[in-house]
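Chain A is the first sequence line, chain B the second, and so forth, proteins listed ahead of strands; every chain is numbered from 1.
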Amino acid sequence: MILTVQRLVHTAITDAMRRQYPGVDIPPFVVEVPPNRALGDLAVTVAFQLARPLRKAPKVIAQEVADALGAIPGIARLVVAPNGYLNLYLDRPAFIRPRMRGEVAGLPATPEKTVVEHTAINPNKAAHIGHLRNAALGDTLARVLRFRGGPVEVQNYIDDTGVQVADVIVGFRELERKSIDDVRRIAETTRFDYYCWDLYSRVTEWYAEDSARLEVRAAALHELEHGGTPVSELGALIVDRIVRAHLRTMARLNVSYDLLTYEGDILRLKFWAHAFDILKAQGAVFLQTEGKLAGCWVMRIEAAGTPAVEAEGGDDGGPDNREKVIVRSNGVVTYVGKDIANQFWKFGLLGRDFRYKRFMTQHTGQTLWATTSADSDPAAPPFGRASRIFNVIDSRQMYLQALLSQALRTLGHPREAENSVHFSYEMVALSHATARELGYPPDDDENRKPFVEVSGRKGLGVKVDDMLDLLAAKAAKEVAARNPEFTADECGRVAAQIAVAAIRYFMLKFSRGKLIVFDIEEALSFEGETGPYLQYAAVRAHNILQKLKEREGISEADVLAALDGLACDELSGAGDGTHDLWALTLEASRLDEVVETVIRSLEFAALAKYAFGLAQLFSAFYHKYPIVNEEDRDRKLWRAAGVAYFRAQLTRALALMGIEVPARM
RNA sequence: GCGCCCGUAGCUCAGCGGAUAGAGCACCCGCCUCCUAAGCGGGGGGCCGCCGGUUCAAUUCCGGCCGGGCGCGCCA
C-alpha cells in the first residue's frame, strides 16, 4: 500500500545525497507521514541530521538535496520547508487509483515458520478476563503475522497433569464424593467450566481449613502424572470437558488453533528424559552436591536478578552464581524442565516428535489437532520445526522465559535463543466497583491498592462467557431498536459480532506494558473509542455503497472503472481547498506501514489506534460530504471510490483484530 | 536487596527524537424534513513525576532520584 512509495522515496533521496555529498556518511533516516496534509504527504528530516557533519544550515542542505533529486515517479512536487524539512506531495490520482483497485502488491512474504503459543489456560475452570487478554493478543499476533505472509502455527498448551487439575479431582472425590459417571453426567447437564470454577475455590477453602489435606492433593497429582488409575481417568475426563468448554468460548471470540499440546504427552513420550540427557551431556545442568540444593539437578542462571538460591562457597564479592532447580532431589522434574523440552521440540531440536490425532473441526472449518501418546494419524501435518517462536505469557513469567533462551544458548543454538520470544504483557486486574459487583467486598488491605487481583483460586474474576453474554444482550437491544425488521436470529448474530468487537478492541487498545484495571461498566461501552464504533463506521460506508447500487445502479466495479476519466478536483482539493477525501484515502493506505510497525514493536495498541483514527476520519467525512445525493458526477464517484477503499481497509484492519463487520447494525 | 513494567488533561489512555502534545470518558454549548445521532461540530481543562546529561532538536534517548505495580519456591 504505502510502503512501496516510502521505499522508493528513501532510495531516491539516498541516491541524491550520495551524488551531492560524495564521501559523506549518509545517516539512517525515515520517510514519515507529516501530522497534516498541508505539510505534504511524506516528509524527510535528513537535512537536520546532516547539518553537523556538513556544517551547513538544514534549510541549505534540504535545498541542495532537493536540487540534486530528479523526478521521482509518483511524486508530484517537493517543497523545502523554511525549517529544513523536505516535504513531498504525492501525485494523488496516480497513487490512489491502483490502490483503490487493489492492484498494488504487498511486500514479499517470509518463508520461515513461526509458532505462536497462546491461551494455555489450566483446564480446571472457566476462562476469565485475564485469559482473554492472552488469547486476544496471541490470536491478533497470529493474524498479523499471517497478514505479513509466511506460515504461522498456533499452539495451545494444555497443562493436564498439574496441581490445578488435581485440585478439581480432589473436589469431586473428597468434597462431593462423585464417581466418574457422576462427573460425566454433570459435564453433560451443566456449564461444566462454571461448575468447576466454584468447586475449585471450595477446594482451596477446604485446604485452608486443614493443611494436612494438602497430602490428598499431592497423592492425586502423583496419580495424575503416572496414569492408569481411577484418579487419572477422572482427570482426563475433566480436562477434556474443560478444554472443549474453553475452545467454545474462544470460538465465540473468533479464536482458533492448529494444535493442542498436552503436557501429559511430554511426560509419556519421554520428551523430558530425552531433553535431560541432552542437557546433561552438554553440561547445561549438573547435580548439586552441597548446600540447600544438594541432590537437585540445577541450571546456572545468567540473567541478572534472576531468582534462585545462591551457590555454595564464599561468594563475598564474587560473581552472582545463582541456580535454578530443574530436577528435584526426589527425582521429579519441575515445570521449567518440561518447558525446556517443549521449547526444544517447537524448534525441531529435540530429535523426538509427538503423535497426533484429530481433535475437532473448528468454527472456521479448519481441523484442530492434538498431541497424543497413542498411534499417530498419518494425515497429520508436520508440527513444530519453527524458526521463530512467540510464547504469549504475562510478564510475571519473565524469568522462566529467559531460562528457555538461556538453555538454547548453552546448548549451542544462539539463533534459536534469539528467536525465542517472550511476548510479555501486564496482567488484568479488577476495579473495586467490579469486584464488589461480583460479591467480593474489598478488605482493608486490598482497598489500599487501586485494583483487585483476579484469582482463579479464590473464584474471583469475570468469566469470559459472562462478559460476552452481557455485551451481546446489551447489543441485541440496540440492534432490535434500530432494525425493527430483523428477526431474533439476525439480531442475535449481529449482537454477537458487536460483543466480540467490544471486548477484543478493549483488550487490544491498551499497550501490553499497561496493567488493565478491568471495569465491567467501562468495557460495556459502545461509544467513543470502542469496537462497535469501528464497526459502525464500516457499516455506514457499506450502506452508502448499497444505496448507490440500489438507487442508481452504480456498483463498486462501475465506480472503479470510471475513475480514469474523472476530473480530479475533489481529490486534489482544488475547489474549496479542503483535502478531506485525500486525507481519508491516504490514511487508509497506511495499513501496511502500520502492520510493519506493529510486528516490529509487538504493540497492537498501535493497530487499534490506527483503525480508530481512520474510522474517525471517515465519520467526519461522512457528515461533511454527501455521496448518494451529490450532484456533481465526478465528485460523487471519487467520494464513492474513497468510501469503498476506506471500507476495505478498515475491514482488513478489523479482521486483524478478529473483529467482523456486520452488514447492518 | 536485585530485576522488569508503569508515572502525560478530573478519569482511562495514545504519542516515545522533530513542525501548534492528542483521543476517549466526564462536563458545557450546538446539530436528526438530508447516505443509520452506536454519530458530527464547538468549548473549557496539561511544570508530559522530579533533577541532571546527550542532541541543531527531548514528553520521547541516557543516568540518578521519587511514587506505584509485578517477579524473586525442591509451585506452575
Side-chain angles (χ1 to χ4, degrees), chain A residues 32 34-36 39 43 45 47-49 51-52 57-58 81-85 87 122 159 162-164 263 288 292-298 303-309 320 322 324-330 332 334-336 338-339 394-400 402 424-427 429 449-451 453 475 478-479 482-483 498 502 509-517 519 522 525-537 539-548 551 601 605-606 608-609 612-613 616 619-630 639-640 643 664-665:
Chain A
E32 56 187 42
N36 66 67
L39 294 167
T45 59
F48 297 107
Q49 295 163 267
R52 179 176 273 258
N83 52 11
Y85 273 91
N87 294 331
N122 269 303
D159 183 5
V163 243
Q164 298 214 15
E263 183 171 279
Q288 179 57 267
K292 276 164 73 176
L293 301 182
C296 298
W297 285 87
V298 299
T306 308
V309 179
D320 229 12
R322 290 154 177 275
K324 176 72 192 167
V325 172
I326 306 297
V327 181
R328 304 179 182 100
S329 53
N330 65 4
V332 178
T334 60
Y335 130 95
V336 183
K338 286 179 272 192
D339 239 34
D394 76 57
S395 64
R396 292 176 287 194
Q397 303 284 337
M398 180 175 47
Y399 291 133
L400 286 314
S424 164
Y425 62 91
E426 274 292 333
M427 62 172 173
K449 285 190 191 178
F451 57 82
E453 204 168 330
E478 278 287 319
V479 174
R482 289 155 186 264
N483 303 276
I498 292 172
K509 75 174 183 179
F510 303 97
S511 38
R512 61 195 166 91
K514 218 92 169 187
L515 183 138
I516 297 180
V517 180
D519 185 83
E522 191 189 346
S525 171
F526 292 165
E527 286 162 24
E529 196 196 340
T530 65
Y533 172 93
L534 300 184
Q535 290 177 309
Y536 188 61
V539 165
R540 287 167 122 188
H542 179 70
N543 281 351
I544 292 173
L545 300 168
Q546 282 288 110
K547 292 249 152 61
L548 214 51
R551 295 184 191 173
S601 62
K609 301 284 172 187
F612 175 60
Q616 274 186 313
S619 295
F621 183 84
Y622 177 93
H623 278 269
K624 200 163 166 188
Y625 301 96
I627 290 141
V628 177
N629 300 323
E630 171 61 39
R639 286 176 193 167
V643 169
R664 293 184 62 82
M665 67 185 275

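Here the straight-line distance linking atom CD of A/Glu426 with atom OG of A/Ser511 works out to 10.5 Å at 0.5 Å rounding. Distance check: A/Leu548 CG to A/Asn629 CG gives 10.0 Å after rounding to the nearest 0.5 Å. Atom NZ of A/Lys509 sits about 12.5 Å away from atom NZ of A/Lys514, to the nearest 0.5 Å. For the atom pair NZ (A/Lys338) and CD (A/Glu263), the distance works out to 3.5 Å, reported to the nearest 0.5 Å.
Summarising the geometry, the separation between CZ on A/Arg396 and C1' on B/rC72 is reported as 14 Å, rounded to the nearest angstrom.
Annotated as syn: B/rC32, whose O4'-C1'-N torsion sits within 90° of 0.
Within the 4.0 angstrom heavy-atom criterion, only backbone atoms of the sugar-phosphate kind lie near A/Tyr533; the bases stay farther away. Within the nucleic acid shown, A/Ser424 has no heavy atom closer than 4.0 Å to any nucleic acid atom. Residue A/Leu400 is classed as a base contact, given a heavy-atom separation below 4.0 Å to a base. Looking at heavy-atom distances under 4.0 Å, A/Asn36 makes contact with a base. A/Pro58 comes within 4.0 angstrom of nothing in the nucleic acid, heavy atoms only. Residue-level contact check: A/Ala51 touches neither bases nor backbone, having no heavy atom under 4.0 Å from any strand. Within 4.0 Å of A/Ala640, counting heavy atoms only, lies no atom of the nucleic acid at all. Across all strands shown, A/Phe48 has heavy atoms under 4.0 Å from base atoms, whether or not it also approaches the sugar-phosphate. Using a 4.0 Å heavy-atom cutoff across all strands shown, A/Ala605 reaches no nucleic acid atom at all. Within the 4.0 angstrom heavy-atom criterion, base atoms lie near A/Ile627. Counting any heavy atom pair closer than 4.0 Å across all strands shown, A/Met665 reaches a base atom. Residue contacts shown for A/Gly162 are absent, as no nucleic acid heavy atom lies under 4.0 Å away. Heavy atoms of A/Val539 sit under 4.0 angstrom from at least one base atom. Counting any heavy atom pair closer than 4.0 Å across all strands shown, A/Glu32 reaches no nucleic acid atom.
Straight-line distance between the C1' atoms of B/rU8 and B/rG24: roughly 15 Å, to the nearest whole Å. B/rC25 sits 24 Å from B/rG49 when the C1' atoms are compared, rounded to a whole Å.
The cationic group of A/Arg639 does not satisfy the cation-pi geometry with A/Tyr625, failing either the under 6.0 Å distance to the six-membered ring centre or the 45° limit from the ring axis.
A donor-acceptor pair is defined here as one N or O able to donate and one able to accept, closer than 3.5 Å; such a pair exists between the side chain of A/Thr334 and the backbone of A/Ile326.
Along RNA chain B, the nucleotide nearest to A/Arg328 and the one nearest to A/Ile498 differ in position, and the one closer to the 5' end is contacted by A/Ile498. Looking at which nucleotide of RNA chain B each of A/Thr45 and A/Pro532 is closest to, the 5′-most match is held by A/Thr45.
Under the Watson-Crick and G-U wobble criteria, each requiring two contacts below 3.5 Å, nucleotide B/rG30 is paired to B/rC40. B/rC2 is paired with B/rG71 under the Watson-Crick or G-U wobble criterion, all donor-acceptor distances under 3.5 Å.
Between A/Lys514 and B/rU12, a side-chain N or O to OP1/OP2 separation shorter than 4.0 Å is absent. A close approach under 4.0 Å does not occur between any side-chain nitrogen or oxygen of A/Asn629 and OP1 or OP2 of B/rC34. Listed pair A/Gln546 / B/rU36 fails the phosphate criterion, with no side-chain N or O lying under 4.0 Å from OP1 or OP2.
Centre separation under 5.5 Å together with a plane angle under 30° holds for the ring of A/Tyr85 and the six-membered base ring of B/rA19, marking them as stacked.
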